[in-house]
Undergrad: 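Sending over a structure as structure tokens; questions will come in a sec.
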Protein chains: 4
Amino acid sequence: MIGIALFGAGTIGRIHARNVAADPGCALRWVVDRDLGRAEALAAQHGGRATDDVARALVDDGVGAVIIGSSTSAHREHLMACIAAGRPTLCEKPVSDDLDDARRCIEAANKAGVRVAVGFNRRYDAHHRAVHLRIREGAIGKVEMLHLVSRTNPPAPAPASVQASGGMLREKGAHHYDLAAWMAGAEPVEVFAAGDCLVDPGYSAYGDVDTAVLTLRFDSGALASFSFSRRAAHGFEEMIEVFGSEGMLESRRQPALGVALWTKGSMNEVGLHGSWYERFSPTYEEELRQFLRLAAGESVEIATLSDGVRAQAVAEAAIVALRQRGMQRIAKIW
Amino acid sequence: MIGIALFGAGTIGRIHARNVAADPGCALRWVVDRDLGRAEALAAQHGGRATDDVARALVDDGVGAVIIGSSTSAHREHLMACIAAGRPTLCEKPVSDDLDDARRCIEAANKAGVRVAVGFNRRYDAHHRAVHLRIREGAIGKVEMLHLVSRTNPPAPAPASVQASGGMLREKGAHHYDLAAWMAGAEPVEVFAAGDCLVDPGYSAYGDVDTAVLTLRFDSGALASFSFSRRAAHGFEEMIEVFGSEGMLESRRQPALGVALWTKGSMNEVGLHGSWYERFSPTYEEELRQFLRLAAGESVEIATLSDGVRAQAVAEAAIVALRQRGMQRIAKIW
Amino acid sequence: MIGIALFGAGTIGRIHARNVAADPGCALRWVVDRDLGRAEALAAQHGGRATDDVARALVDDGVGAVIIGSSTSAHREHLMACIAAGRPTLCEKPVSDDLDDARRCIEAANKAGVRVAVGFNRRYDAHHRAVHLRIREGAIGKVEMLHLVSRTNPPAPAPASVQASGGMLREKGAHHYDLAAWMAGAEPVEVFAAGDCLVDPGYSAYGDVDTAVLTLRFDSGALASFSFSRRAAHGFEEMIEVFGSEGMLESRRQPALGVALWTKGSMNEVGLHGSWYERFSPTYEEELRQFLRLAAGESVEIATLSDGVRAQAVAEAAIVALRQRGMQRIAKIW
Amino acid sequence: MIGIALFGAGTIGRIHARNVAADPGCALRWVVDRDLGRAEALAAQHGGRATDDVARALVDDGVGAVIIGSSTSAHREHLMACIAAGRPTLCEKPVSDDLDDARRCIEAANKAGVRVAVGFNRRYDAHHRAVHLRIREGAIGKVEMLHLVSRTNPPAPAPASVQASGGMLREKGAHHYDLAAWMAGAEPVEVFAAGDCLVDPGYSAYGDVDTAVLTLRFDSGALASFSFSRRAAHGFEEMIEVFGSEGMLESRRQPALGVALWTKGSMNEVGLHGSWYERFSPTYEEELRQFLRLAAGESVEIATLSDGVRAQAVAEAAIVALRQRGMQRIAKIW
């Protein structure tokens, strides 16, 4: 039974708190938030004690692992404290707004021998994972092309929110650059991006786009394309295709139900899930299970700190490519 | 190049005439119809000479094979004439309204050594055939259960038309009893039927039903169920499922197009074909190709005269079962 | 917060115990089992006290509702005790081995004004429920034909087990007769059954079959067919099709994953779930939620005691039909 | 009945010859080829007279329309001759190897008032066309993103063949740039391409790639991505997705058959067609029908000479973008 300190009692913190409480292998020991009232409310619901002081939780010997779900700007500081305290940590992405800082986190974790996982929850989606495993088993030979679609159900986030999130190519992008690298089994080397504000011209005031197509080249020669939009009227749309020398694998759009209505000239199925949470809530439970195994010293396949920094490096290069309208090399700092 | 005499210049005759004209392996030599004008019109369009005299066509040495598409009441007489003339014949089903007469046709053909095929065109549907072949290859082990659906797009036939057609359990049924036996690789031994007039009470005046569920048992122990309706608002619906000891095969409902529209909460595909002819016209071309090979003396898999009589025997027993509300044994006269 | 007394600590009891513990609207207060050790083990895991005495639990004012998951032979006695104690009850099916006894349970519950639900969990499957709702909304007009498939992944139950379960047409059948009536919105009036032992001849020693096709007629005129097998090599197979005057609805076979592999000449998807529990475990959670609302006095759509007895009456008539090889009228005792 | 002069008796010429012979609205009047023997053989099979002299066919008053299926290098000269002779013409793409020459063809046709269609046969695919029509009807609102996949079944063309074909971004690409513009209802303005030789390094000797990802921007703001490969082990793969402000439309990969095999843990369908011709032969028949209507003076939706030149202009810019590794503006010369 592993005691968990949870940093952050916001949206993602609440998801983790509920899963920690439900998992028989761990228990919530601390909820830490700058807003102490928010921490107390979450602890009251799912167990553990509340504090606004990270250090207080980290000195507790009963804390076997930490989950960082605080605001992005606090990630680096919180992660460095966990590393210093020698606690296995699951950190939400991005690791840091600054790539150099992110790289320093890798170095610190390596030096201290602390195990750090990054919250790429989509890797634990059963469908995506089955595709990954089949690729590794050789079902499609050598991976040559990938196509990843992520288009999100309304409402689109308010344009002003991109200041905090870092914009679509970072926030949404990082998950998918990671999935692509994980599927390709290769390292990204250069990236191109084209985009525009077709959903809401308001994004342009913040230098962001809401519609984008990207091209990513891997060191294996494989080429990935990405289709991103901030608004899919038809629901939460996510899909991955991986084409190889001997066939193709798809992690398909998931229908919300397996019901079909046939009428004149038409066959109508229930379409996409209405939200990200409907589609992906099980991935957080599986992510927690894998992280507990990591914290227990087992050898597990999980997104590492290096995976997290790699996806950030792709995002930064993509933003440069978008502006410079040309392929951009990705510095390998992870 | 085989010369064809076509008996009957009605709907089915016109389909055969066009296919004969288009097939490089044969040519239309005679069109025979009691209505000479109708025969002449069809010959003018697709070649050959017109007559209202079956005998005149059969004495022509240039006639290498005959296709009988005349009215049901004329089938027996026409087929007997073809057998007497020693011509390979493709006869539309049913062979005869009378089972004893039908059995005598088998005996005559066997005695004369004349090759007779029966027009079960669905056997030449590429989808159904692929299922049949995979069963024979052992893909699902031993066949144990079958389910066949045939529900037809509007308009339903006029109730009075069942006097000529023999009713739904004969007309529609025969095709599907044949498909079931062909898929099962077994002989039918008993049958049950339940039905009603849910589409049009007018059928009851003619002793017919427009909606029916049947159960057919084969000598292998396999059980088949059938769902028939005279009216499917959603189009021409036909489907076969075959369940075996090691898996299941489906010949699925065929969508008219492979187009999908995703909108909020829904994924909409193009549905069924709007008519029997849209769905099955290619089967007549393939049937002709197989029949030409039969006529040329090759060994081909084609529906034989015995297959035709077998399906009729099932139909007659099903009609008794419907009235007597119990399982009915099928006399093996084929 | 409703206190629950759970009767029976076997397989189905354990499912209910876990769901009661996880549901925020109720708590496990008593686990009752003739085998006290088994009751204690389950209470230790999910809460509440253990006893081997039904009466002790029923006198507890803290018990707001009862779930009966005891052995079939105890159902009637346990249910009568719950009715006498005035406790809202969810009773696993069948209500009783004896139809007259079952009918007396309905009378007792009605007289006492006690709310009794029957455990037809499939009604709470999201896919089946969506089909039901669309029918009620008029999506396919008037229901005319239904087809229900239930074929179960290996291993098949041991032949000797049918003595306790009552055989396939009762055990498996009751769920599907209920689904058919619920979909049709009509009352069953007569039934036919044909079956055989194709999976294991050992069933015949107990008068049972392992493969069966049934026909059920409703008072609306609608006709349902059923395909049952004790062994589906391809997994846990369940499917419902409902054909109406204006179209058709399907609750499709559920693939375990949405992954496709394309290789030469083939597109391969992940197939069926490997077991009943993988497919249907969420239905027990939803059933509990609906039952808690019923117990709280809300008006909910749930399978009632009459629904349970109706399905039993169909099963008994089907067994007679199987032997007598003819349509069998169903006495309306519910 | 329109008399057709066919220029070119090679692969594509033979397809056109057969379709002309089979279409009741036209007849083959001339087959023209530099190789007179080849022309004679084709005329013998499908009708008409043979010559190696284009002019001889064009002076024949019985020629109502011309189909140019000669080698690419002869297109411009043949098309100019047809325009000079005032004959409605269907010209295979590309119009000319040289964009300036191609533009001059447009000018000449416009000046002479001669109707010229270009052989983008995929526009007549029933599935693609249905998507196009639904977009025009407003089914998905404003088009924002497109994704087109074209990956071709083995064997890949010999590397040396790209000298004649112009390479993958021209030969394969032009069809898909045209489809994208047709679907988007907009004009292409800039393009990016990334590619490599992953299938066969031999292509690099000719400056070509066999695997490529492209991004195309339209004047409407819409962004298209393209995935091209010279070798798809799983068959002839073609697919189009169009994402709009109100939903998404797909012209899906077409399975060769509608057959499904369920075995343990798996559902197996028949996959893609084995070749381009299996998939697209019907499009040539429909293209001919539309062209005959154009030649008869009707107003039809058909790919025009300008459409042909537009696709070539995209291809040329894509090749520059591939080399320069950046977005490339497309000069609007059509």
Undergrad: Side chain, backbone, both or neither: which part of A:Met248 has a non-hydrogen atom closer than 4.5 Å to chain D?
TA: both

Undergrad: So do A:Asp196 and D:Arg217 actually touch side chain to side chain, heavy atoms under 4.5 Å?
TA: yes

Undergrad: Could you walk me through whether A:Phe243 and D:Ser229 pass the side-chain contact (heavy atoms from CB on, under 4.5 Å) check?
TA: CA-CA 10 Å; A:Phe243 169 85; D:Ser229 173; 3.7 Å; yes

Undergrad: Any chance NZ of A:Lys142 has more than 12 other-residue heavy atoms, nucleotides or ligands included, within less than 6.0 Å?
TA: yes

Undergrad: Indicate the atoms forming the closest heavy-atom contact of D:Glu144 with A:Thr211, along with that distance.
TA: O-CG2, 4.4 Å

Undergrad: Looking only at heavy atoms, what is the nearest atom pair of A:Ser225 and D:Val213, with distance?
TA: CB-CG1, 3.8 Å

Undergrad: Do any of residues 185-195 of chain D have a heavy atom less than 4.5 Å from a heavy atom of chain A, and if so, which, in residue order?
TA: D:Glu190, D:Phe192, D:Ala194, D:Gly195

Undergrad: Using a 4.5 Å heavy-atom cutoff, which residues in residues 317-334 of chain A come close to chain D?
TA: A:Arg325, A:Gly326, A:Met327

Undergrad: Kindly give the heavy-atom pair with the smallest separation between D:Ser245 and A:Ala233, and that separation in Å.
TA: O-CB, 3.5 Å

Undergrad: Strictly below 4.0 Å, N to O, side chains only: are D:Arg253 and A:Glu241 in salt-bridge contact?
TA: yes

